[in-house]
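Here is the structure we will look at, set down as structure tokens.
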Amino acid sequence: MKGKECAIVQDLLVLYEDNVLQEESRQMVEEHIRGCEECMKIYENGRKDLKVSDIQKESSEEEQADQAARIMKKFKKRMTYKSMSVLGVILAVIILAVAVTNEVCNRLSNNNWGIIGMVYTIPTDQIKITELYRLKNGDIYCTLESDKKIGIYQYSDFMIPEDEVDRNTDDASLEICFRQLTPWESGNHVKFHQMTAIFSTERLGVQEESGKEFIQRCSEIRYRGKTESDCMTIWKRGQKVEEAPEEIERKAIAEYVRNDQIEEAVRECEKLGWDSGEEIVKIYREDLNIRQTYSSGYDVRDSVVFSNNYETILLPQYEKP
């Protein structure tokens, strides 16, 4: 009889441990295991096994969580590497695209301003010639006015084919170009609407090795806009140009002096029949900022010595604050 009761109690131990027995059955199990050594051992052993199982289960869950974390970490590393790789490729493509576009813009504009030049160069339809005179020495004095504010200007040397750089030529040309300031340049430059320029139309060259002299003459002066096709002729050989009045001549002589072209200032005074010493002293007295040094007026370039180095003299017409 006891064996049969033990069997029933042992079957109920799991339900007893889970606390799902009715109160009457629960009391019966408790009374039995208190008086039955064998069933008590089975009950206690069962509880230990249950605790170990729970611990193993918790440990297994922690290991799974750790494993999942490791997998996610590896996944993130791979994703980060892939993202960085993709970002690097995109950045390289952007840099290449900008470099190519910049080179294309340089070739189109020929002013070395690249993309900025294509965007900010002032086109010819916004430039007007307000003054154009010929000085006694043949130089061209002109004033250009822009609808947009000029921030940076650029002018060329005598533009001559490489094979004619040390030869006589009548086909040299000069160019000038203006552009607006970019937003990041605005605080570093003075802006203006007018620019006066004196263009030299002739220069004497001497080959250093042979001592042979040659003359290079300018046939055209142009304003260059955004591209090579966007050009405006300022002056061309054969064009009828008004002789400079006395006021303009004095301005030009003053600019020769300010640019250390003393010899040219003296020659211009002599051509006009003026006392060069008196005129130049007057300029020095009126403008204390002029460097009181005399220049030889010679410029060495590509094994050729030119007798002037002022292919273009620029006089920005700054706005009064």
Side-chain angles (χ1 to χ4, degrees), residues 129-146 150-158 172-178 189-206 213 215-218 221 223 234-235 241-301 304-321:
I129 303 171
T130 58
E131 290 182 311
L132 186 65
Y133 299 107
R134 181 189 295 277
L135 302 176
K136 277 292 183 181
N137 62 3
D139 286 357
I140 299 298
Y141 179 105
C142 80
T143 299
L144 300 176
E145 187 176 286
S146 169
I150 302 165
I152 294 178
Y153 47 85
Q154 188 180 85
Y155 58 93
S156 71
D157 186 6
F158 270 41
S173 60
L174 288 167
E175 287 185 345
I176 189 169
C177 181
F178 305 145
H189 295 77
V190 179
K191 294 174 282 189
F192 44 91
H193 280 288
Q194 283 190 335
M195 168 74 80
T196 297
I198 301 173
F199 296 97
S200 173
T201 58
E202 181 179 299
R203 69 180 182 183
L204 174 66
V206 180
E213 293 186 352
I215 296 177
Q216 295 175 338
R217 296 184 176 90
C218 182
I221 301 170
Y223 175 83
I234 296 173
W235 170 85
V241 179
E242 184 181 349
E243 294 293 326
E246 182 176 315
E247 178 188 359
I248 297 298
E249 287 285 2
R250 292 190 186 281
K251 284 184 180 179
I253 291 169
E255 291 310 317
Y256 288 139
V257 174
R258 289 190 181 96
N259 284 270
D260 289 338
Q261 302 299 323
I262 304 299
E263 292 181 0
E264 196 60 39
V266 170
R267 281 195 291 268
E268 188 68 7
C269 288
E270 290 174 350
K271 286 179 181 291
L272 291 163
W274 298 348
D275 186 323
S276 59
E278 183 179 330
E279 290 295 325
I280 292 173
V281 168
K282 187 190 300 182
I283 293 167
Y284 276 119
R285 285 175 178 170
E286 292 176 355
D287 190 342
L288 298 177
N289 293 323
I290 298 176
R291 290 185 300 152
Q292 298 190 26
T293 56
Y294 285 77
S295 170
S296 64
Y298 287 89
D299 179 30
V300 180
R301 202 175 305 147
V304 178
V305 179
F306 294 108
S307 63
N308 62 22
N309 61 359
Y310 68 94
E311 281 76 21
T312 307
I313 294 176
L314 300 172
L315 299 73
Q317 305 297 308
Y318 298 111
E319 295 179 351
K320 294 181 180 179

Checklist entry - With a cut-off of 6.0 Å (strictly less than), are more than 12 heavy atoms of other residues, nucleotides or ligands near NZ of K136? => result no
Checklist entry - Roughly how far apart are E278 CD and I283 CD1, rounded to 0.5 Å? => result 11.0 Å
Checklist entry - Going from OG on S200 to CG on D139, what distance comes out if it is rounded to the nearest 0.5 angstrom? => result 4.5 Å
Next on the checklist: Looking at D157 and R203, is any side-chain nitrogen of the basic one under 4.0 Å from a carboxylate oxygen of the acidic one?
Outcome noted: yes
Checklist entry - Hey, are E255 and K251 close enough for a salt bridge, meaning a charged N less than 4.0 Å from a carboxylate O? => result no
Next on the checklist: Just to verify, which of R267, E264, K271, E249 counts as forming a side chain to side chain donor-acceptor pair (under 3.5 Å) with N137?
Outcome noted: E264
Checklist entry - Any idea which heavy atoms bring S173 and S156 closest together, and the distance? => result O-OG, 4.3 Å
Item to check | Least distance between heavy atoms, C142 atom then L132 atom | outcome: CB-CD1, 3.5 Å
Checklist outcome for this item: Distance col, row L174:CG vs W235:CH2, nearest 0.5 angstrom, shows 9.0 Å
Checklist entry - If you round to the nearest 0.5 Å, how far is OG1 of T143 from CD1 of I248? => result 6.5 Å
Next on the checklist: Which residues pass the ring-ring contact (aromatic ring centres under 6.0 Å, His included) test with Y223, not counting sequence neighbours?
Outcome noted: F178
Checklist entry - Below 4.5 Å, heavy atoms only, C-beta onward: do Y256 and L135 meet side chain to side chain? => result yes
Checklist entry - Should we say atom CD of E243 is surrounded by more than 12 heavy atoms from elsewhere, each under 6.0 Å from it? => result yes
Checklist entry - Taking C-beta and beyond as the side chain, do I140 and I198 meet within less than 4.5 Å on heavy atoms? => result no
Item to check | Closest non-hydrogen atom pair, E202 against F158 | outcome: N-CZ, 4.0 Å
Item to check | Short side-chain to backbone donor-acceptor contact, T201 and G138, under 3.5 Å | outcome: yes
Item to check | Nearest-0.5 Å distance, CZ of residue R134 to CZ of residue F199 | outcome: 13.5 Å
Item to check | Student check: side-chain heavy atoms of I129 and L144 closer than 4.5 Å | outcome: yes
